[in-house]
Structures are given as structure tokens and as C-alpha cells.
Protein chains: 2
Amino acid sequence: MSDVAATGVSVLLVDDHPIVRQGYRRLLESQGDLHVVAEADNAADAYGAFKAHDPDVVVLDISMPGASGLEAIRNIRARSPRARILVFTMHNEAVLVKAAFSAGASGFVTKSSEPSVVVNAIRSVARGERAMSDDIAHILAEDSLSTGSVLDQLGEREIEILRQFAGGATTEEIAAHLNLSVKTVQNYHYLIKTKTGARTDAQLVRLAATCGLTKI
Amino acid sequence: MSDVAATGVSVLLVDDHPIVRQGYRRLLESQGDLHVVAEADNAADAYGAFKAHDPDVVVLDISMPGASGLEAIRNIRARSPRARILVFTMHNEAVLVKAAFSAGASGFVTKSSEPSVVVNAIRSVARGERAMSDDIAHILAEDSLSTGSVLDQLGEREIEILRQFAGGATTEEIAAHLNLSVKTVQNYHYLIKTKTGARTDAQLVRLAATCGLTKI
DNA sequence: ATCCGGCTTGGGAAATTTGCCCGAGCTGCA
DNA sequence: TGCAGCTCGGGCAAATTTCCCAAGCCGGAT
């Protein structure tokens, strides 16, 4: 990464869909200056791949099931603060975007962006700049003006648990996914309900859906 | 499409993510026998593109926002019954898969499938065969198929209770609305879950939503 | 006519979850 | 240093869920 202009930008792809990875790889390689040096299909493997290949930019999807992609961002940044991470996902919730940036991401681009936006975002973060797609900027802008979504009352953990719960996971499954005790998940469940004012699990699911936390 | 073997397979890509379309395009073109002749980024444009280019296979993501991808399938098949449609999406719920097939899809492949699975599925549906990825076959098998819509298994009362429940009503409220004992509503709740195979209240809500029983 | 099967309605009892309260560790911030 | 907030879990009574069962009703089959 000492001379990006001369050597191009090396990229680590992290996404749980092989097809999508393959698509990225072809897209990036066709640019000439972008080179995919490694891939990972889950957040847990991301750091290992990062350490092994020392890419200029990590492109990762934080909407992977199970472990949080935010965790992966923190993991990488904690050990390699100069790492550049571009989040590339279909989610566009303001809370998620803010969480990603505060976790250490350098950029956030939605999958509905034009390919040119993505490749330019990769080049931007490789230069140490911040990058985000127009829709994300829009969402953050509106969010900064708005009264605040219901989700703003929730912490990161609470949001993750709400997402999995609304997605149909049982308490035990969530506990297993996040490596928590069932009791803790139950407590979060209850906390989320009281915080959001939902009196019913069904109301919670609807809430998550209307906030875009889960798609139905 | 008169001679697939000689001319290759022409494909129409329908997906709301430009990047993903670009990825597919590169993947398919690299196969030699598959040619992307058109793209569309929403369900509404899909039929126009189909009519204009008469592709052998339509590869489409039914998880697009706004209009239903199922609608697009029905649209295309209604006017061109010999159309071959391969659904390619990240969703893997049995109800959705069955809905897609009953809408006229010829194949259903999840985005977590290997690239080779996708290209082979395209070739299969081009030959007029059915195709689905292993995970989808598994899900359908477990679903033990049988009954058409999930709602067909439910009686009138069960549907009414499911609707109110998914709408956010508590057990007591439902009992009061319908002049039943709380116990009866509880039993219905349980019965509905076992009948539909939902293991979670959240899954029940999603089910009701996907069946159009409640809007979110 | 009779019987079968499914829907509707609820009781009962064990298993599980919920509702709240609590404490502890940790982090960031003043 | 101390406060505040998030995360994580124990405890325990109250509530709900999970199953199993029974009975009435009704339409269709025999």
C-alpha cells in the first residue's frame, strides 16, 4: 500500500455468497488497477485472510448470518488500525451505517449502487478517504435531521438480537449464534420490548420490518 | 431457442442490484454457451425486456423491492407460456419457493449456491427441465409439500386468529374480539404453529405477511 | 340412519418464557 | 475519580406455551 498509484489496489473480498464474490472479483479485475488477492465467506475468517494477505482494502458484506460483520470490522481495525474497510451490503438502515463507521469502516456502499460507484469507492478508501454511496449519504442526512428512529434507542447487541428474532430465530438459536446464555437473550428480548413499547412479539416483528431491519 | 445446442442459451437478467447483474453477466459470458442479451432492474421492466429480446431463459431475483417478482413471473408466463424462468435469490423459505413454482418458474436457485450450480441450472431450464439447488430441494422436502398455500391448511377461525395475532393483538385481545376463552385462543395459536410448521411467533408473522394475510 | 372426519371450543398439567429486580464487568467521558 | 451506559447473566413468581384429551356440531360418505 506504499504506492497505490504504481501497484494498484489489493482487495480482500468477504461475502457469504460465492456467486456474489465471483461477480465482484470479475468486476474488480476488469478495472486494471484493482486486484482481488483473497476471499472469505464469513466474518470469522476475515481477519485471518486479512493478516495473511495484507490487502489495501477489505470489501465486506456485514449482513452475513450469525456472527456480526461489525465484529469483523472491529477485529481487523483493532489489530491493524491502518486497514481500510469498505462495507458493501444491501442494508441501508442509518443505525447500521453509523455502527459500521464507528466500528472503523472507511466506506459504506449499498449493493444497489452502480458498479462504477463501487470501484471508485474502493479507490477512495485505498487513498485513505471516506466513501459512501449517494443513497447512504441521503439516509445519514435525513437521519441527522429526523426525530430518531425507534432503533436509535437500541444498542448494537439489541439490534442484532432483534434482527435475528424478527428473522424467525428461536431464543436458543440466537444464543448459540451470538455465544450468549439463553437467559441473556431472554433479557434482551424483554428489554427490547419495553424500550420499543411493543407489547407483543408480533409487534416487534412488524417494527423490525418497518425499520428495514428485516425484509419479509 | 429452436436449437439450444447450436446457438447457446440467451439470458435475460432481472435483478435490482447493478453490481450483481454485472457479476452474473461476467460469470455467464465466461461459460461460452450462455449469452446475456438483456438486463432489467425491476419486475415491471422484465416483461418488456422479455418481449423485446425473447431470451431462452429469464434469470430473476424475486426479492426486489416494490412490485413482486412473483408478479413478473406470472406476467411473463401468462403471455408467453413457453418462457423459462429461473429464480435466483437469497430467500429460501418454502412458501416463497412454492409460490415461485406455482407462478410458473422453472427453477429456483439460492444465491449461496456455487456458481457452477447456477450455470447448470440455466442450462437445465433452457432444456425445459426443472432445476433447483440442493438447499431448496431440502427445504421443499422437509416442507413435506402437500397442501398448496399454507393458509389452505387452516380453518376459518384459525385464519382469523392468525390475522389478529400477526397484526399485533395479544391473546386476551383476540379472545375478547372473538368472544372466546383465552385458553381457546392459546390452543389455536399452538395449533396454527404446528400446522404451518412455524417454530416461532416471528415466523408466524412472516408467514401471515407473505400470504398477504397482514400488511406490514 | 349411522359413522367418520374435521372444525370449534375448552380443561389440565408440565415445561418454558416473561416480567422485573438485581449485581458485576467494562468502556467512555467528564 | 466517579458517573453513565452497555453487556452479560442469576433468581423467582407469574404468565404463557406446549401437548394431550374430551365433547358438541356438522357435512359427507356408507
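In the text below, chain A, chain B and the rest are named by the order of the sequence lines, each starting its count at 1. Computation of the quantities below employed the complete heavy-atom set of this structure, encompassing side-chain atoms and omitting hydrogens, waters and symmetry-equivalent molecules.
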For this session: Please lay out, stage by stage, how Glu160(B) and Arg157(B) fare under the test salt bridge (Lys or Arg N to Asp or Glu O under 4.0 Å).
Result: CA-CA 5 Å; Glu160(B) 179 56 29; Arg157(B) 219 77 261 228; over 6 Å; no
For this session: Starting from the C-alpha separation in whole Å, work towards a yes-or-no answer on side-chain contact (heavy atoms from CB on, under 4.5 Å) for Glu29(A) and Val36(A).
Result: CA-CA 7 Å; Glu29(A) 294 292 357; Val36(A) 179; 3.8 Å; yes
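The CZ atom of Arg199(B) sits 12 Å away from the P atom of dT18(D) (whole-angstrom rounding).
The minimum heavy-atom distance between Arg206(A) and Val205(B), with the atom names listed, is CG-CG1, 4.5 Å.
Residue Phe88(B) forms a side-chain contact (heavy atoms from CB on, under 4.5 Å) with just one option from Asp15(B), Leu60(B), Val118(B), Asp61(B), and that option is Val118(B).
Here the nucleotide nearest the side chain of Asn187(B), chosen from dG10(D), dT18(D), dT7(D), is dT18(D).
Between His177(A) and Glu172(A) the shortest side-chain heavy-atom distance does not fall below 4.5 Å. With a 4.5 Å cut-off on side-chain heavy atoms, Val20(A) and Lys111(A) count as touching. Under the 4.5 Å side-chain criterion, counting only non-hydrogen atoms from C-beta, Arg84(A) is not in contact with Asp56(A). In this structure, Leu162(B) and Leu154(B) have side chains that are in contact, with non-hydrogen atoms separated by less than 4.5 Å. Counting heavy atoms from C-beta on, the side chains of Glu39(A) and Tyr24(A) never come closer than 4.5 Å.
Where Gln186(A) and Glu158(B) meet DNA chain C, the nucleotide closest to each residue was compared, and Glu158(B) sits on the side nearer the 5' end. Comparing Lys183(A) and Tyr188(A) along DNA chain D, the residue whose closest nucleotide (by nearest heavy atom) sits nearer the 5' end is Tyr188(A).
The stretch residues 172-180 of chain B comes close to DNA chain D through Glu172(B), each having a heavy atom under 4.0 Å from the strand.
Thr200(A) places no side-chain N or O within 3.5 Å of a backbone atom of Gln203(A) that could act as its donor or acceptor partner.
Nucleotides of DNA chain C lying under 4.0 Å from heavy atoms of chain A occupy a range whose first and last members, 5' to 3', are dT17(C) to dC20(C).
Here the CD1-CG distance, from Ile161(A) to Leu191(A), works out to 9.5 Å after rounding to the nearest 0.5 Å.
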Polar atom pairs between nucleotides 24-26 of chain D and protein, under 3.5 Å, N or O only, would you list them?
none

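Distances shown here put every side-chain N or O of Tyr190(B) at or beyond 4.0 Å from the OP1 or OP2 atom of dT18(D). When the side-chain nitrogen and oxygen atoms of Lys193(B) are compared with OP1 and OP2 of dT18(D), one or more of them lie within a distance under 4.0 Å.
Contact annotation for Ser181(A): backbone-only contact, meaning every heavy-atom pair under 4.0 Å involves sugar-phosphate atoms and none involves a base.
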